[in-house]
Amino acid sequence: MAIERTLSIIKPDAVAKNVIGQIVSRFEGAGLKVVAARLTQLSRAEAEGFYAVHAARPFFKDLVDFMISGPVFVQVLEGENAILTNRDLMGATDPKKAEKGTIRADFAESIDANAVHGSDAAETAANEIAYFFPALNVYSR
Ligand code: RTP
Ligand code: MG
């Protein structure tokens, strides 16, 4: 299996609930390492740029409004199959459809306030990591 990196965001709802540590523990428990991290307040332009792929979707404005409603915890996770491992830990986009024991099933309220983001493929992971972290601020260990 390949060692990969993926971008994870703990969204404003989960930061407000004070469960950053509980969510990071799940990543660590699955063998993923945090190799970059920062708590930050996204600007509207940053959030729009990050979710540009969804710009034409009807939920885009609500999504951006939500992502700038409070600080987010952005991090790079590294490990075997990190992209899929993270998506499995997150669960389905809609927490009502997410499997028991996943982060979204346990911490998310709705499809809009759904606790976490995770890159969905190798190319998006590379782009999303570069969007938030210059290469010299990512620390393999
Ligand atoms: P994310 O990008 O945040 O990790 O979520 P995802 O891959 O599971 O879902 P995606 O299709 O990329 O959608 C991005 C975010 O937009 C919101 N959304 N709302 N109302 C809707 O039908 C709808 N569909 C998506 C969700 O908050 C989702 O996380
Ligand atoms: Mg997505």
Side-chain angles (χ1 to χ4, degrees), residues 1-135 137-141:
M1 268 193 276
I3 298 291
E4 293 176 336
R5 288 176 178 171
T6 190
L7 187 87
S8 164
I9 302 179
I10 302 179
K11 295 185 180 184
D13 57 322
V15 173
K17 277 187 181 167
N18 203 25
V19 292
I20 293 173
Q22 290 186 57
I23 291 174
V24 172
S25 285
R26 293 187 181 206
F27 299 142
E28 292 178 339
L32 299 178
K33 291 179 179 178
V34 177
V35 295
R38 139 169 118 251
L39 187 72
T40 186
Q41 169 69 55
L42 298 181
S43 67
R44 181 169 293 277
E46 272 179 310
E48 286 175 349
F50 182 73
Y51 276 123
V53 66
H54 295 309
R57 308 285 285 278
F59 56 80
F60 183 65
K61 178 157 189 314
D62 286 347
L63 174 60
V64 170
D65 284 345
F66 169 65
M67 290 300 288
I68 66 173
S69 65
V72 295
F73 191 74
V74 291
Q75 60 195 317
V76 179
L77 304 175
E78 184 179 270
E80 283 187 2
N81 265 339
I83 296 166
L84 200 58
T85 300
N86 180 40
R87 296 285 296 191
D88 286 346
L89 292 168
M90 288 163 57
T93 308
D94 181 351
K96 289 198 283 292
K97 296 179 184 156
E99 263 184 65
K100 253 187 158 178
T102 61
I103 293 167
R104 281 167 166 165
D106 291 347
F107 297 113
E109 299 306 323
S110 67
I111 193 168
D112 300 306
N114 63 359
V116 280
H117 161 83
S119 307
D120 59 14
E123 197 187 345
T124 45
N127 291 338
E128 290 177 3
I129 291 167
Y131 193 78
F132 285 112
F133 296 100
N137 289 339
V138 181
Y139 300 94
S140 277
R141 61 198 165 78

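Everything numeric here is computed off the predicted structure, so don't read it as measured data. The figures that follow rest on heavy atoms only: side chains count, while hydrogens, waters and symmetry mates do not. Just so you know, ligand 1 is whichever comes first in the structure, and atom 1 is the first atom listed for that ligand.
Atom 6 (P) of ligand 1 has T93 OG1, 3.6 Å as its closest protein atom, hydrogens excluded (heavy atom only). The shortest contact between atom 26 (C) of ligand 1 and any protein heavy atom is with I111 O, 3.1 Å.
Closest heavy-atom approach to atom 18 (N) of ligand 1 among the candidates F50, Y51, F59: F59. Among K11, H54, E128, the residue whose heavy atom lies nearest to atom 13 (O) of ligand 1 is H54. Nearest to atom 5 (O) of ligand 1 by heavy-atom distance, out of M90, M67, R104, is R104. Among D13, V116, L63, the residue whose heavy atom lies nearest to atom 15 (C) of ligand 1 is L63. Ranked by closest heavy atom to atom 7 (O) of ligand 1, the top entry among R87, H117, R57 is R87.
Counting atoms of ligand 1 from 1 in the listed order, those under 4.0 Å from a heavy atom of G118 are 4 (O). Under a 4.0 Å criterion applied to the non-hydrogen atoms of N114, ligand 1 contributes the atoms 26 (C), 27 (O), 28 (C), 29 (O). Ligand 1 places these atoms under 4.0 Å from at least one heavy atom of D112: 27 (O).
Within the 4.5 Å cutoff, the side chain of S140 has heavy atoms near those of the R5 side chain. Looking at heavy atoms from C-beta onward, R87 lies out of side-chain contact with T6 at the 4.5 angstrom threshold. Inter-residue side-chain proximity for F27 and V34 is flagged as unmet; no heavy-atom pair is nearer than 4.5 Å. Two residues are said to be in side-chain contact when any heavy atoms from C-beta on lie closer than 4.5 Å; E109 and K17 meet this criterion.
Under the 3.5 Å distance criterion, the side-chain polar atoms of R38 are matched with a main-chain donor or acceptor of F132. Between the side chain of E46 and the backbone N or O of S43 there is at least one donor-acceptor pair closer than 3.5 Å.
Using bins of under 30°, 30° to 60° and over 60° for the plane-to-plane angle, the ring pair F50/Y131 lands in the tilted bin.
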